[in-house]
Amino acid sequence: MVRVRFAPSPTGYLHIGSPRTFIFNWLFARRQKGTMILRIDDTDVERNTQASLDSIFDGLNWLDLGWDEFYRQSDRLDLYTKAAWAIHAAGHAYRDFTPMSAAADDRAELGAWLCNPGMRELSPEESDRRVAAGEPFVLRFRVPRNTGRRVEFKDLVYGEQSKSCDDIEDFALLRSNGAPTYHHASCVDDVDLRISHVVRGQDHLSNTFKHILIFEAMGVEAPRFAHLPLLIAPDGAKLSKRKHGPVVSVTTYRDAGFLPHAYVNFLCLLGWNPKDDREKMSRQDLIDAFSFEGVNRSNAVVNFSENDPIDPKALWLNSQHLYAMSHDELAAALQPVFEAAGYAADPAKTRQVTPLIQERIKTLNDAPAAADFFFLDQLAPYDPAELIPQKGDAAMAEKALRVARQVLETANFTHDALDAALRAAATGIGVKAGQMFQPIRVAVCGRKNAPPLFETLEVVGRDACLKRLDQAVEKLNN
RNA sequence: GGCGCUAUCGUCUAAGGGUUAGGACGAAGCCCUCUCAAGGCUUAAAUACGGGUUCGAAUCCCGUUAGCGCUACCA
């Protein structure tokens with residue numbers, strides 16, 4: 001039975017790497033018909049913040065993937081304490097009474113980073129005596145040193161890993177305030193929650209040797225491990241809010257009008273590939289194709305810049321998903337966007353507009369600007385010069401507009417009828433179709449670039465069209 | 001410093017001994033076309049460096065360089 005967990009700690013905020021780790025866990029769980037667990041690793045009381053916890057939920061909820069079980073380490077502190085003393089009782093840990101402040105300096109200077117001198121060898125009696133005297137201490141793991149022992153495991157992504165115990169320091173299990181460290185709490189929970197696969201960032205690859213030692217000391221089999229390459233900034237540095245700004249936040253993409261699934265799809269392609277040329281993939285496609293075989297080992301750059309926080313490929317992928325949506329589906333997604341823009345958009349109108357702008361937007365947020373003339377009573381001001389067609393002059397523009405007005409007064413407002421009538425009108429006054437259409441387009445839309453003319457006129461409607469044609473002629477004469 | 005990991009077009013990546021080193025984004029050009037898009041076609045663009053092994057290396061080995069990670073009573 002596959003059981004995986006995503007275990008963020010609520011310090012800082014949810015940056016783009018976290019949802020990716022979540023997604024890979026989720027994909028593996030779904031692929032294996034297993035269980036996805038969300039666990040909040042909040043053992044560092046000093047650094048936890050509610051804002052950070054909120055941003056984790058905001059981000060994950062937006063992804064719309066969900067999870068099956070939820071835990072919080074702060075609810076389970078007893079578990080870690082008991083487990084730590086069991087490890088101690090088994091002889092795999094010892095008390096270290098070295099004062100906190102002294103430790104860092106001494107270690108650096110003496111090069112004694114493996115353990116604090118003397119503490120490892122303290123007799124049980126001496127150790128107990130100092131506890132009784134009220135001395136604070138850290139509970140440290142006793143790494144089997146000078147045994148020639150190497151810790152080994154096979155990572156599902158990085159392959160065979162091995163490290164000598166002589167290169168592993170006596171890391172802490174319990175802090176002097178009694179709280180468990182990350183390493184300890186994480187391992188204890190992984191055992192308690194029967195985690196089968198630990199899927200996490202590559203920054204934990206080196207830590208895994210310690211974790212395996214802990215599992216051994218608890219007398220249990222270690223889960224399998226799959227480490228994921230990291231997401232980094234274009235300058236090669238790891239993503240940080242301080243250095244790279246809000247671009248590294250999940251909310252950047254959400255607020256830019258991305259479809260949650262497009263974002264998921266994009267993140268999947270950073271460090272993983274389906275072993276074929278597919279890029280745009282549905283949720284089910286991703287589940288079906290996912291395996292750790294397809295995960296590569298080098299860090300992936302998220303391609304953002306100061307003036308453009310969005311990775312161009314993410315934008316393209318979003319557009320591809322947007323274009324693939326049904327008109328009804330897209331219209332439903334666009335409705336709140338139009339409302340937020342202050343447009344008088346009833347769902348029926350939105351539904352009419354949707355097919356005309358679908359291929360002209362890359363994000364949902366592009367829609368209001370692309371569709372303004374469908375909703376605005378009064379067009380935004382435009383340069384009358386835009387009314388003048390290619391190889392034409394103001395006179396030609398005015399003539400085209402006047403003729404168009406006549407035609408539109410009586411024409412059937414359907415695509416085919418408008419097409420036929422306006423083309424005939426162009427021939428009638430001896431101008432090319434394009435020279436006829438361009439002034440009309442600018443008059444009705446307020447700009448040169450817009451959706452196809454006849455469909456547009458149809459949706460804008462006769463009254464508004466006539467009004468705007470009149471206004472255009474007026475503009476031309478001023 | 002010690003230990004660990006990584007290294008293919010600008011970016012995401014394929015190719016795990018034999019390919020003109022493939023695809024995608026982005027860029028440029030062309031086609032389509034009532035504009036803009038969308039779509040189609042084309043072009044430019046990469047195996048970090050140096051040694052091996054081999055008939056043959058992007059691929060295996062060693063070294064160098066660079067980047068990242070761990071080296072906390074952070075996670």
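Letters go in sequence order (proteins before strands), and every chain restarts at 1. No experiment lies behind these values; they were computed from the predicted model shown.
When the C1' atom is used for both B:rU43 and B:rC36, the distance is 24 Å, rounded to whole Å. Look at the C1' atom in both B:rU42 and B:rG63: the space between them is 43 Å, to the nearest Å. When the C1' atom is compared between B:rU8 and B:rG67, the two are found 16 Å apart, to the nearest whole Å. One P atom belongs to B:rU20, the other to B:rU6, and the distance between them is 30 Å to the nearest Å. For B:rC31 and B:rC49, the P atoms lie 40 Å apart once the distance is rounded to whole Å. With both ends at atom P, the span from B:rC30 to B:rU35 equals 15 Å, rounded to whole Å.
In this structure B:rG39 sits in a base pair with B:rC31, meeting the Watson-Crick or G-U test at under 3.5 Å. If you check B:rC3 for Watson-Crick or wobble pairing at under 3.5 angstrom, you find it paired to B:rG69. Across all strands shown, B:rU64 pairs with B:rA48; the Watson-Crick or G-U wobble distances both stay below 3.5 Å. Summarising the base pairing, B:rA57 is matched to no nucleotide, lacking a Watson-Crick or G-U wobble pair whose two defining distances lie under 3.5 Å. Pairing for B:rG16 is absent, with no Watson-Crick or G-U wobble pair whose two atom distances lie under 3.5 Å. Across all strands shown, B:rG10 forms a Watson-Crick or G-U wobble pair, both distances under 3.5 Å, with B:rC25.
A cation-pi contact, defined as under 6.0 Å to the ring centre and within 45° of the axis, is absent between A:Lys210 and A:Phe215.
A salt bridge does not link A:Lys280 to A:Asp285: none of the charged nitrogens lies less than 4.0 Å from a carboxylate oxygen.
The side chain of A:Lys313 has B:rG23 as its nearest neighbour among B:rC5, B:rG23, B:rA38.
None of A:Asp190, A:Asn25, A:Asp41 except one satisfies the side-chain hydrogen bond (donor to acceptor under 3.5 Å, both in side chains) rule with A:Arg5; the exception is A:Asp190.
Proximity of the aromatic rings of A:Phe171 and A:Phe209 is defined here by a centroid distance below 6.0 angstrom, and this criterion is not met.
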Go through the steps to decide whether A:Thr414 and A:Asn412 satisfy the test side-chain hydrogen bond (donor to acceptor under 3.5 Å, both in side chains), and finish with yes or no. CA-CA 6 Å; A:Thr414 63; A:Asn412 267 333; 5.5 Å; no

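Along RNA chain B, the nucleotide nearest to A:His183 and the one nearest to A:Phe437 differ in position, and the one closer to the 5' end is contacted by A:Phe437.
At the phosphate of B:rC34, OP1 or OP2 sits under 4.0 Å from a side-chain N or O atom of A:Arg423. Note on A:Thr43: a side-chain N or O is less than 4.0 Å away from OP1 or OP2 of B:rA75. Applying the 4.0 Å criterion to OP1 and OP2 of B:rA14, one finds that A:Asn273 has a side-chain N or O inside that range.
Computed from coordinates, the A:Ile232 CD1 to B:rA66 C1' distance equals 12 Å when rounded to whole Å.
Remark: the A:Arg297 side chain and the B:rC5 base include no donor-acceptor N/O pair separated by less than 3.5 Å.
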